[in-house]
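Have a look at the structure below, then the notes.
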Amino acid sequence: MGKRIFEALNDFITRTHEMCAFVVDFSDGGFDVMSNGIFSAILDGSVNPLEQLAESKCIHEADSVVLGAFCRDLLNSCKIPIQEDHFTVPFRGIVSDDPSDADYKWINLTVVIDRGDDLTAKCIIGHLRLMNNAEILNKIITDSFTNDKHPQVFNGQAKRIIEDTSRNAAIVQFDIEKFKLINVKYGEEKGTEILNYIKNGLDTICTDKQVYTRLSADVFMIAMSYDKPEEIERLISRIEERLGSFGDISYKLVFGVNIVTDRSVPMRKLGDRTAMARQSIKGNALKNVCYYSENQESSLVSKKFIEDRMDYALEHGEFVMYLQPKYSISTAGVVGAEALVRWIHPEKGMLPPAEFIAVFEKNGFITKLDRYIWEQACKAIRGWIDSGVQPVPISVNISRVHLTDEKFIDDLDALVEKYDIPKNMIETEITESVENAGDGDVIKKLKERGYMLLMDDFGSGYSSLNMLKNTPFDVIKIDRDFFSEFMLSDRGKKIISHTISMSKDIGLDMVAEGVETKEQAEFLHNCGCDVAQGYFYSKPVSLNDFEHIAYDDFIATD
């Protein structure tokens with residue numbers, strides 16, 4: 001019976017001018033192609049049809065990479081479990097060996113996987129079929145309606161998935177990190193090719209349980225139903241493996257995931273929440289997948305308040321300079337200060353710097369805020385000089401954003417000149433990190449202009465002993481976390497001691513941050529570090545309070 005069915009099928013295929021079929025049996029490596037020759041340019045029956053499709057020169061270049069990757073995945077499906085059983089992939093190819101028929105035609109490749117209990121494929125049955133005019137027109141319309149201008153088709157499909165309560169639902173969104181740089185480096189035409197490659201690739205990855213659209217530019221969104229959370233992870237892994245590079249161009253895909261718990265939430269809001277998760281890890285070197293949580297929504301509300309208020313706050317004096325004293329351990333006297341910013345809102349009170357500094361660093365407002373604090377520091381030093389006291393230097397922070405443009409040094413020079421203060425009274429603190437490791441020339445120019453350089457947070461992240469050999473910095477500040485952690489063991493204390501000793505030997509001064517106990521202060525002093533700041537001495541205080549601490553009530557400030 002089975003043989004007669006096979007012969008009947010073969011006879012049907014042979015007499016059907018627009019179709020061919022094939023079978024790949026993984027149990028013995030055998031294969032068979034049933035065709036009347038219509039696809040002779042693509043499949044000749046002498047080689048495994050999946051291998052031929054993966055390597056064929058008759059496939060349109062815009063489709064060949066995606067189709068090739070898809071077929072190679074199928075070839076590996078005898079080893080790697082693939083959950084779905086049925087795939088349809090459209091592509092363009094030259095079907096005939098006849099030189100007079102060299103035009104590309106739209107073809108549907110449909111495959112069905114027969115699998116074992118372990119989900120690995122035992123056999124793959126596939127067929128190629130020329131798409132008719134109605135199907136081609138429908139594809140063109142669907143493609144146009146699933147782009148950034150017409151998401152109606154996607155919304156309808158996604159809504160059906162979300163409303164199906166028999167299965168779990170999720171929204172996945174991803175984009176290419178720093179896609180604009182790809183356009184700049186390789187040209188917009190190449191950028192468009194990459195986006196089309198991803199779109200075509202999603203055709204081969206997403207099933208009828210996973211529908212997608214391109215929202216805008218390089219942002220794609222998928223609505224999917226699933227039984228187990230592992231299916232989400234598997235989808236993301238397949239997208240990364242299949243679409244994470246284009247030719248010799250590599251890029252990073254960043255994903256946001258929103259597990260749908262309330263199916264009454266509108267599709268637009270589900271997408272917005274997914275975007276929050278995706279955007280929350282932009283620039284994160286260690287993470288490229290983030291799941292939405294309600295905390296992200298409250299964080300977005302907080303971010304909006306901060307950005308809506310920041311210019312008004314700067315204009316109306318809500319940002320205030322606080323100073324944290326630096327003490328000589330040996331004399332217990334104040335020898336300097338670090339300028340810090342505090343935001344005192346008339347209704348909310350003092351806002352934690354952790355809430356707004358990161359926002360300002362991302363949106364660029366930090367450059368305005370830095371300049372404001374620099375001026376407050378210069379103004380304070382001018383006031384001390386006019387009052388007849390010996391001023392102590394104030395160190396000001398130079399945010400990483402400044403290091404992309406050395407013009408900030410001119411701004412700092414202008415403030416020093418405006419308030420007519422000695423340049424050595426303004427010290428500059430810079431966090432040495434991976435992000436600014438390439439900005440050594442700007443840092444050196446800052447030193448050439450006469451400013452003392454303090455390396456902030458030494459011992460955290462990128463900073464290491466190795467970088468000290470050629471550093472232009474004059475002072476290194478031991479990071480509070482590094483210091484407190486290493487103080488917990490004898491070995492750690494020896495590392496601190498040797499770090500201080502070595503730094504002094506090569507001409508670097510030291511400042512210890514986060515000193516909280518007398519024991520820590522005495523240990524540092526015995527190791528040769530005499531300058532410290534931390535809550536053992538003083539928390540950051542207002543300018544008026546600092547003057548009472550540093551100058552014994554000699555002066556008073558309104």
Evaluation steps, side-chain hydrogen bond (donor to acceptor under 3.5 Å, both in side chains), between E231 and N168: CA-CA 11 Å; E231 294 174 46; N168 299 316; over 6 Å; no

Rounded at 0.5 Å granularity, tell me how far [atom1] in [X] sits from [atom2] in [Y].
X: I94; Y: I107; atom1: CD1; atom2: CD1; value: 9.5 Å
X: S280; Y: K287; atom1: OG; atom2: NZ; value: 6.5 Å
X: S237; Y: E230; atom1: OG; atom2: CD; value: 11.5 Å
X: I198; Y: E193; atom1: CD1; atom2: CD; value: 12.5 Å
X: R242; Y: F70; atom1: CZ; atom2: CZ; value: 7.5 Å
X: I281; Y: C290; atom1: CD1; atom2: SG; value: 5.5 Å

Does any part of the side chain of [Y], heavy atoms only, come nearer than 4.5 Å to the side chain of [X], both counted from C-beta?
X: T404; Y: V442; result: no
X: W343; Y: I306; result: yes
X: I236; Y: V257; result: yes
X: I113; Y: L74; result: yes
X: L235; Y: I205; result: yes
X: L181; Y: K185; result: no
X: R273; Y: I171; result: no
X: C206; Y: I222; result: yes

Trace of the side chain to side chain contact (heavy atoms under 4.5 Å, CB included) decision for T367 with H402: CA-CA 7 Å; T367 58; H402 289 291; 3.6 Å; yes

For [X] versus [Y], what's the shortest heavy-atom pair and its separation?
X: Y291; Y: I232; result: OH-CG2, 3.8 Å
X: F408; Y: I398; result: CE1-CG2, 3.7 Å
X: F26; Y: C123; result: CD1-N, 4.2 Å
X: N155; Y: M267; result: OD1-CG, 3.8 Å
X: Y292; Y: M276; result: CE1-SD, 4.1 Å
X: V219; Y: Q173; result: CG1-OE1, 3.8 Å

Chi angles and distances behind the side chain to side chain contact (heavy atoms under 4.5 Å, CB included) call for D311, K368: CA-CA 9 Å; D311 287 305; K368 291 184 180 180; 3.6 Å; yes

I366 vs I357, side chain to side chain contact (heavy atoms under 4.5 Å, CB included): CA-CA, chis, key distance, verdict: CA-CA 7 Å; I366 193 69; I357 292 296; 4.2 Å; yes

Checking [X] side chain against [Y] main chain: does a donor-acceptor pair fall under 3.5 Å?
X: D63; Y: R92; answer: yes
X: D164; Y: S166; answer: yes
X: E241; Y: R238; answer: no
X: N200; Y: N196; answer: yes
X: R263; Y: E163; answer: no
X: S56; Y: C58; answer: yes
X: N258; Y: L270; answer: yes

Option among R160, R167, K209 that satisfies the side chain to side chain donor-acceptor pair (under 3.5 Å) test with S225: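 So the option named by the test is R167.
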
What I want to find out is whether [X] reaches [Y] closely enough, with some N-O distance under 4.0 Å, to be called a salt bridge.
X: R72; Y: E55; result: yes
X: K282; Y: D175; result: yes
X: K348; Y: E355; result: no

Residue D262 excluded, over 12 heavy atoms near CG under 6.0 Å: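 Yes, because the 6.0 Å sphere around CG of D262 holds more than 12 heavy atoms from other groups.
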
Verdict with reasoning, D44 to S46, per side-chain hydrogen bond (donor to acceptor under 3.5 Å, both in side chains): CA-CA 6 Å; D44 61 16; S46 63; 2.7 Å; yes

F220: which of F174, F179, Y212 passes ring-ring contact (aromatic ring centres under 6.0 Å, His included):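 With F220 as partner, ring-ring contact (aromatic ring centres under 6.0 Å, His included) holds for just one option, F174.
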
Throw together a table of side-chain donor-acceptor distances under 3.5 angstrom for residues 243-254, partners on residues two or more places apart or in other chains.
residue: Y251; atom: OH; partner: L243; partner atom: O; Å: 2.8
residue: K252; atom: NZ; partner: N284; partner atom: O; Å: 2.5

V172/F255 under side chain to side chain contact (heavy atoms under 4.5 Å, CB included): CA gap, chis, key distance, verdict: CA-CA 7 Å; V172 178; F255 295 82; 4.0 Å; yes

Side-chain donor-acceptor pair present, E240, N288, cut-off under 3.5 Å: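 N288 and E240 do have a side-chain donor-acceptor pair below 3.5 Å.
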
Between S27 and D25, a side-chain donor and acceptor under 3.5 Å: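 Yes, because at least one side-chain N or O of S27 sits under 3.5 Å from a partner of the opposite role on D25.
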
